[in-house]
2 protein chains.
Amino acid sequence: MFDSGVGGLTVLKAIRERFPNTDLVYLGDTARVPYGTRSSETVIRYSLECAGFLTEKGIDVLVVACNTASSYAIDVLRSRFPVPLVGVVDPGVKEAARVSKGKVGVIGTQATVKSGTYQRILRSMGFEVVAKACPLFVPLVEEGLVEGEITDRVVEMYLSDLKEAGVDTLILGCTHYPLLRRSIERFMEGVYIVDSSEAVAKDLDSFVVDSGSGTTELYFTDRYQNLDRMVELIMGERIPPVLVSEGSLPGSPF
Amino acid sequence: MFDSGVGGLTVLKAIRERFPNTDLVYLGDTARVPYGTRSSETVIRYSLECAGFLTEKGIDVLVVACNTASSYAIDVLRSRFPVPLVGVVDPGVKEAARVSKGKVGVIGTQATVKSGTYQRILRSMGFEVVAKACPLFVPLVEEGLVEGEITDRVVEMYLSDLKEAGVDTLILGCTHYPLLRRSIERFMEGVYIVDSSEAVAKDLDSFVVDSGSGTTELYFTDRYQNLDRMVELIMGERIPPVLVSEGSLPGSPF
């Protein structure tokens, strides 16, 4: 499983809870986080390098635990790596389609929203979609401001449009956002919230037999300033991270 | 001149105003911005690559227009590149020392504050120093929220300690921060604000003769999502950026 940084740990946690005996390898590209403000070409290149690193570790299934990478790179990754591949977009969409009565909201990074991936798939299924980029949500979480007045104000600023549009379901299209769930849920009262991390874990049922030693290896490309705090905040425990230089990641295989 | 991203354009603008006939080359490492959350090793490596790229362009003076890079990498850069080198830390410190009556506040990224560079120099000059990391300021500026209630709240959250401590001078130790100057100035009423970009331009007097064609070249390692908007917001005009892959930057010369 790879992510642009630490946000994907919310997915890792959900998977570990569902498959406690499976061996998990996580790569967070903290030397180049965030992906959400970068161009599609750069997101694809970084994603290929991360997937190459994990493939060399002998993985059986690859989870792309980053919405931006899933939005831009999933097809390229699928065509270039021979392992089963699960992104975070499809499971979230599936869950939203299961519960929505017709109007779905999607929030994510600028890159994820601009890619139009969520919108395209949901519209092809007959849903009305309102999408909104929320660039301050990731910095808020990284700063530990998961609740309080500033957070509530920022939530209100971004989500007012979706509330007025009357969405009945809201996809949290970024792995950091589940940490703001309480504030989002309070503001979007009565709207069904889709947390992709749980949806991804369910989607793995067809690929994972849950036999193994239940190990968790965490690799990061940089010990960035909040790393240990964020690992503990999300995973609920300390897991020592291993550093790998992003310059040593394998280049694109083609 | 290089910076981790677009923030250094505030320095570029100040230099261009002071030296209108000088040829300027700017490299913004937008593929790997922000530097402010990364480890010292990574900041130094990225800085060497940026300086290498500019040296190959045949520059006469190198300005490190990023406080994080200036705080961690200035000595290494100075030892490895044969051109005169001006960072943003020394000019800011000099200006603060000129006006302060004894107690100086410093705000910057997490990496800049953690490096302790500002604090060490100011204390060695006999000043009392209160330093504070303000990780949400850069995302606020990048989101265009340079004023308004959310911005004022965040300013209050970070600067209350400095206000209570009674600093008489405040160094804006990050090139993005001058864009929040109005809100900061209002909250820190009566405190002298040091904007390093102006201080850097003044400091160049001894190196620059201002003869040339007055060209400005902008290079960026990624066309990230806000690039054009930020260039226009800071420079007050549109200047077409040239993209260079961060993978093609020269490695460290040693």
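Residue numbering restarts at 1 for every chain, and letters A, B, ... go by the order of the sequence lines.
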Exercise for review: Assess whether atom CD of A:Glu189 is packed by more than 12 heavy atoms of other residues, nucleotides or ligands within 6.0 Å.
Suggested key: no
B:Met157 and A:Leu145: side-chain contact (heavy atoms from CB on, under 4.5 Å), yes or no, with the steps? CA-CA 11 Å; B:Met157 174 178 80; A:Leu145 283 186; 3.8 Å; yes
ask   = Should the heavy atoms of other residues, nucleotides or ligands under 6.0 Å from CZ of B:Arg182 be counted, would the total exceed 12?
value = no
So, the part of A:Glu149 with a heavy atom under 4.5 Å from chain B: the answer is side chain
Between the SG atom in B:Cys134 and the CD atom in A:Glu143, the distance rounded to the nearest 0.5 Å is 8.5 Å
Taken to the nearest 0.5 Å, the spacing of A:Arg223 CZ from B:Thr42 OG1 works out to 11.0 Å
Sequence neighbours excluded, the answer for ring-ring contact (aromatic ring centres under 6.0 Å, His included) partners of B:Phe220 is B:Tyr26
Residues of residues 28-36 of chain B with a heavy atom under 4.5 Å from any heavy atom of chain A, in residue-number order, are B:Thr30, B:Ala31, B:Arg32, B:Val33, B:Pro34, B:Gly36
When rounded to the nearest 0.5 Å, the distance separating CD of B:Gln110 from CD of A:Glu142 is 8.5 Å
- Query: Crowded around B:Lys114 NZ? As in, over 12 foreign heavy atoms under 6.0 Å?
  - Reply: no
dist B:Asp152:CG -> A:Arg153:CZ (nearest 0.5 Å) comes out at 11.0 Å
